4 protein chains.
Amino acid sequence: MSFATLNEMNKTFKKILNNASELFAEKGYEGTIMDELCIRSGVNKASIYYHFKDKSNLYEVVLTKLFSEVADQIIVAVSSQTAPLEKLKSFIETFAQETYQNKQMPATLMREIASGGKNMPIPARKQMQRILQTLSSILKEGAEQQVFKQVDPLTTHFIIIGSLCFFSTSEPMRQAIESEHPLDPDLNSTIAEIYSLISSAIILN
Amino acid sequence: MSFATLNEMNKTFKKILNNASELFAEKGYEGTIMDELCIRSGVNKASIYYHFKDKSNLYEVVLTKLFSEVADQIIVAVSSQTAPLEKLKSFIETFAQETYQNKQMPATLMREIASGGKNMPIPARKQMQRILQTLSSILKEGAEQQVFKQVDPLTTHFIIIGSLCFFSTSEPMRQAIESEHPLDPDLNSTIAEIYSLISSAIILN
Amino acid sequence: MSFATLNEMNKTFKKILNNASELFAEKGYEGTIMDELCIRSGVNKASIYYHFKDKSNLYEVVLTKLFSEVADQIIVAVSSQTAPLEKLKSFIETFAQETYQNKQMPATLMREIASGGKNMPIPARKQMQRILQTLSSILKEGAEQQVFKQVDPLTTHFIIIGSLCFFSTSEPMRQAIESEHPLDPDLNSTIAEIYSLISSAIILN
Amino acid sequence: MSFATLNEMNKTFKKILNNASELFAEKGYEGTIMDELCIRSGVNKASIYYHFKDKSNLYEVVLTKLFSEVADQIIVAVSSQTAPLEKLKSFIETFAQETYQNKQMPATLMREIASGGKNMPIPARKQMQRILQTLSSILKEGAEQQVFKQVDPLTTHFIIIGSLCFFSTSEPMRQAIESEHPLDPDLNSTIAEIYSLISSAIILN
DNA sequence: TATGAATGAGAATTCATTCAT
DNA sequence: GATGAATGAATTCTCATTCAT
């Protein structure tokens with residue numbers, strides 16, 4: 001089943017896709033049961049196999065969609081800015097917001113990275129690279145304009161992505177932990193904190 | 001099967017435990033198949049059930065061991081320091097090293113956080129809280145001594161843990177990504193970078 | 001869907017029928033999958049059910065066609081001869097040629113006989129009986145004219161049909177067997193051999 | 001699951017094997033349903049997969065056993081004779097008897113040959129070659145001793161095997177055909193007939 | 001303690017068939 | 001006549017767990 005634009009997809013296809021996206025994020029690949037997917041989607045089991053070759057193909061389509069949407073958003077947001085620092089801010093904010101609004105992407109990414117990306121479908125991996133590429137360009141541009149220090153983009157990438165993924169997906173856990181901290185930090189302050197952290201670390205003063 | 005000290009454990013028990021730890025980290029709870037665990041461990045399937053009640057009990061033992069070891073190391077390392085900044089450094093370094101040497105812990109943690117910690121056994125969760133507690137104390141002490149700014153410990157925790165977990169578990173992926181970055185950042189420079197990042201952000205100048 | 005003359009059939013009907021005939025011969029009834037039949041025939045799945053009641057009806061039509069064609073040919077060929085020995089020769093030659101040119105019939109027949117004919121549709125069975133009847137008449141006539149010995153027609157039938165079916169369908173297998181026999185026997189010599197075998201056995205000297 | 005001697009096999013293994021042999025012969029590979037095999041064998045579904053890798057492996061074991069037993073019998077019987085004609089008689093008689101007593105082998109062989117042997121497992125094919133080899137040797141020896149004419153062994157093989165397979169498997173069909181022939185030919189007379197047929201055709205007078 | 005064998009419940013996938021257009 | 005989509009009922013295979021020895 002090729003990956004077409006949303007408009008071309010029919011209703012059942014979309015229902016399956018959305019519910020699969022949810023389930024894979026919640027329970028991982030192995031933890032996701034096709035039967036439950038049918039029930040959630042309100043479709044017949046065989047319908048899934050009409051639209052998708054098998055579970056692994058479904059996973060591929062889901063991941064590619066998930067990652068490409070975030071990549072697209074980031075690229076659009078970043079390209080609307082001109083200054084490297086603004087671009088960096090845009091990158092962090094967009095990733096944070098996307099990630100916080102839709103926890104499926106960070107959850108899935110974390111699982112994939114945990115298993116060493118062995119099962120990560122190639123097209124999905126391509127989308128992850130687009131995101132990394134975008135950050136690399138920003139950092140390079142900043143360094144060229146002598147605004148940023150020379151930093152390793154991969155490390156920087158993991159600091160940003162890693163902390164934001166942990167932050168957004170840990171929400172339910174944080175509530176489970178009987179914390180002595182009355183104030184659960186909100187998204188915006190976290191974004192601000194991470195942004196100030198990163199920028200203070202890489203800005204050439 | 002209660003959780004005893006390593007010395008009391010017999011060979012089969014240890015073999016199962018180690019291989020289970022490996023497998024759970026590699027493939028997650030659902031992805032780990034008891035049959036494969038037998039083969040890897042070179043023991044009979046029924047033996048597992050002699051030593052452990054069931055899969056979920058095995059998981060509990062594995063996770064508790066995994067997290068308590070890291071928690072212990074951190075607490076020991078941190079308590080050997082007196083100044084809050086040194087303690088923070090110690091915290092980051094110990095977590096980074098533990099995490100990098102044994103990828104099982106970060107991989108497992110990431111999966112657990114990705115599923116909202118729903119399946120995380122209570123004793124394992126307790127160990128995670130010990131780690132968080134330690135960081136909180138450091139931050140609190142630093143703030144009291146007017147060395148640190150007042151920061152949210154949870155956010156800080158996620159920034160540290162998240163970036164280090166992503167960093168250590170993403171090693172195989174980074175190699176798969178045909179990167180234009182000739183120099184793969186090594187552990188020490190990453191630790192240094194994260195430490196400088198965090199400290200520059202929280203030190204009261 | 002009744003069994004009409006070929007002229008009345010439309011193109012889709014014919015395509016389905018021919019491909020079904022091929023598939024049933026290649027893979028048997030259970031091994032034939034309706035989906036593959038669609039693909040081979042280049043028609044939609046629902047189209048099959050427009051033209052044929054169901055799989056078993058399709059099978060019936062295919063088999064009846066297959067067997068009636070051979071029966072017709074044999075009867076025509078045999079009736080063009082007058083002497084019993086010539087008739088026998090004609091019977092063997094026609095069956096051999098039909099069988100060798102179109103392997104679908106012997107393959108299908110072998111499967112049916114292997115399953116004890118339990119699934120063989122009545123009309124198809126009728127056609128098989130026409131063939132057997134023809135041979136019986138030849139033998140009876142030969143015996144009456146004191147040209148042939150009195151032999152059991154069924155046994156004779158199986159010797160002829162069995163050896164020729166095995167011969168024509170085993171072609172691909174013979175090539176797979178790394179034979180020390182440089183010369184693969186051709187159809188004509190096999191026909192001659194079988195004819196001489198049978199005739200030498202039943203001719204009253 | 002390797003193919004060991006019967007003595008080494010346990011009871012469940014044997015039960016599954018025998019029932020599978022029966023079912024494959026009755027209904028062919030695709031027509032055989034694993035569930036039915038369990039029920040017939042009185043074992044749990046998973047037990048089959050404990051003893052055999054999958055359906056196709058089970059099929060392989062069944063066929064190899066089926067064919068090797070017949071091949072063994074033939075070779076033993078033939079080797080107890082010295083004169084080529086006696087050997088030929090032994091070959092035909094043994095094959096006929098084996099085939100008639102246990103219809104599984106001819107039924108399975110017919111299906112396999114009908115599908116061009118495409119699915120025939122290599123080890124099973126090896127056994128078929130042993131049988132052919134035996135006949136070839138007999139014919140060659142007879143020709144060398146100037147007892148037999150020079151005949152093509154493959155054609156001769158198919159005449160013998162084909163007619164006997166058809167004869168033994170067609171038993172139920174013959175009864176279904178409302179025959180005007182009061183006397184169903186018995187095995188011994190058929191053996192005799194085929195032997196006299198073949199021998200009269202190849203003996204150098 | 002250890003093991004070969006067995007098992008029930010489940011999970012992925014397939015397949016003949018039908019429906020709405 | 002033809003088609004894309006949908007479906008119920010299998011069907012193959014898996015997996016955690018238990019049992020007898």
Side-chain angles (χ1 to χ4, degrees), chain A residues 9-13 15-16 29-38 41-58, chain B residues 10-13 15-16 29-38 41-59, chain C residues 10-13 15-16 29-38 41-59, chain D residues 9-13 15-16 29-38 41-58:
Chain A
M9 301 169 188
N10 88 97
K11 239 179 167 181
T12 303
F13 185 92
K15 268 193 295 183
I16 295 171
Y29 183 78
E30 274 91 1
T32 294
I33 269 79
M34 299 301 264
D35 251 337
E36 202 189 335
L37 177 55
C38 302
S41 311
V43 303
N44 182 279
K45 215 190 298 197
S47 276
I48 298 182
Y49 292 90
Y50 178 77
H51 290 287
F52 302 91
K53 187 185 174 305
D54 55 18
K55 192 180 176 180
S56 95
N57 168 251
L58 177 56
Chain B
N10 82 94
K11 250 183 164 174
T12 303
F13 185 91
K15 268 193 295 183
I16 295 170
Y29 183 78
E30 271 90 2
T32 294
I33 271 85
M34 300 301 265
D35 247 333
E36 203 189 335
L37 177 55
C38 301
S41 311
V43 304
N44 182 277
K45 223 190 291 197
S47 274
I48 297 183
Y49 290 89
Y50 178 79
H51 289 289
F52 300 90
K53 185 181 176 304
D54 55 18
K55 191 181 178 182
S56 95
N57 167 251
L58 178 56
Y59 190 64
Chain C
N10 82 95
K11 251 184 163 174
T12 302
F13 185 91
K15 267 193 295 183
I16 295 171
Y29 183 77
E30 271 91 0
T32 294
I33 270 86
M34 300 301 266
D35 246 333
E36 203 189 334
L37 176 56
C38 300
S41 312
V43 305
N44 182 277
K45 223 189 293 195
S47 274
I48 297 182
Y49 291 88
Y50 178 79
H51 289 288
F52 301 90
K53 187 181 173 305
D54 56 17
K55 191 181 176 181
S56 95
N57 167 252
L58 178 55
Y59 190 64
Chain D
M9 300 169 188
N10 88 96
K11 239 178 167 181
T12 304
F13 185 92
K15 267 194 295 184
I16 295 171
Y29 183 78
E30 274 90 1
T32 295
I33 268 78
M34 298 301 265
D35 252 339
E36 201 189 335
L37 177 55
C38 303
S41 311
V43 303
N44 182 277
K45 213 190 301 196
S47 276
I48 298 182
Y49 292 91
Y50 178 77
H51 289 288
F52 302 91
K53 189 184 174 307
D54 55 18
K55 191 179 176 181
S56 95
N57 168 251
L58 177 56

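Order of the sequence lines sets the chain letters (A, B, ...), proteins ahead of strands, with each chain counted from 1. Note that the structure is a prediction, hence the values are computed from the model and not measured.
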Integer-rounded Å distance: [N] [atom2] and [X] [atom1]:
| X | N | atom1 | atom2 | answer |
| --- | --- | --- | --- | --- |
| C:Leu58 | E:dT17 | CG | P | 10 Å |
| A:Lys15 | F:dA6 | NZ | C1' | 11 Å |
| C:Ile33 | E:dC15 | CD1 | P | 4 Å |
| C:Ile16 | F:dG1 | CD1 | P | 11 Å |
| A:Lys45 | F:dA6 | NZ | P | 17 Å |
| A:Asn57 | E:dT14 | CG | P | 12 Å |
| D:Phe13 | E:dA6 | CZ | P | 11 Å |
| C:Leu37 | E:dA16 | CG | P | 10 Å |

**OP:** Write down the partner of E:dT3 under the Watson-Crick or G-U wobble criteria, each distance required to be under 3.5 Å.
**Re:**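 WC or wobble partner is F:dA20.
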Verify the contact: side-chain N or O of [X] to OP1 or OP2 of [N], cut-off strictly under 4.0 Å; return yes or no.
| X | N | result |
| --- | --- | --- |
| A:Thr12 | F:dA6 | yes |
| A:Asn44 | F:dA6 | no |
| A:Tyr50 | F:dA6 | no |
| D:His51 | E:dG4 | no |

Subject >> Gap between atom CD of A:Glu30 and atom OG1 of B:Thr32 - 0.5 Å precision >> reply: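 It is 8.5 Å, given to the nearest 0.5 Å.
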**OP:** Working to the nearest 0.5 Å, report the span between CG of B:Asn10 and NZ of B:Lys15.
**Re:**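 Between atom CG of B:Asn10 and atom NZ of B:Lys15 there are 9.0 Å.
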Subject >> Between F:dT21 and E:dT1 - P atom distance, rounded Å >> reply: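 Rounded to whole Å, the distance is 22 Å.
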Subject >> Minimum heavy-atom distance C:Leu37-C:Ile16, with the two atoms named >> reply: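 Scanning both residues, the minimum pair turns out to be CD1-O, 3.8 Å.
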Original post:
Going by modelled atom types, is there a donor-acceptor pair between the base of E:dG10 and the side chain of A:Asp35 at under 3.5 Å?
Top reply: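 Counting by modelled atom types and ignoring angles, no donor-acceptor contact under 3.5 Å is found here.
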Original post:
Does a distance-only test, which skips hydrogens and angles, find a donor-acceptor pair under 3.5 Å between the side chain of D:Asn10 and the base of E:dG4?
Top reply: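 Absent.
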Original post:
Nearest to the side chain of A:Met34 - F:dT18, E:dT13, E:dG10?
Top reply: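 So the nucleotide nearest the side chain must be E:dT13.
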**OP:** Scan D:Ser56 against the nucleic acid and name what it touches under 4.0 Å (heavy atoms): base, sugar-phosphate only, or nothing.
**Re:**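 Nothing, no heavy atom under 4.0 Å.
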**OP:** Map D:Ala46 and C:Ser47 onto DNA chain F by nearest heavy atom, then report which one ends up closer to the 5' terminus.
**Re:**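 The residue mapped nearer the 5' terminus is C:Ser47.
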Original post:
Between D:Tyr49 and B:Lys55, which is nearer to the 5' end of DNA chain F once each is assigned its nearest nucleotide?
Top reply: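 Comparing both residues, the 5'-ward one is D:Tyr49.
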**OP:** Taking the side chain as every heavy atom from C-beta outward, state whether D:Leu58 and D:Met34 have any pair of such atoms under 4.5 Å apart.
**Re:**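 SC-SC contact between D:Leu58 and D:Met34 confirmed.
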**OP:** List in chain and number order the residues that pass ring-ring contact (aromatic ring centres under 6.0 Å, His included) with A:Tyr49, two or more places apart in sequence or in another chain; answer none if no residue qualifies.
**Re:**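 If we apply the ring-ring contact (aromatic ring centres under 6.0 Å, His included) test to A:Tyr49, skipping adjacent residues, there are no hits.
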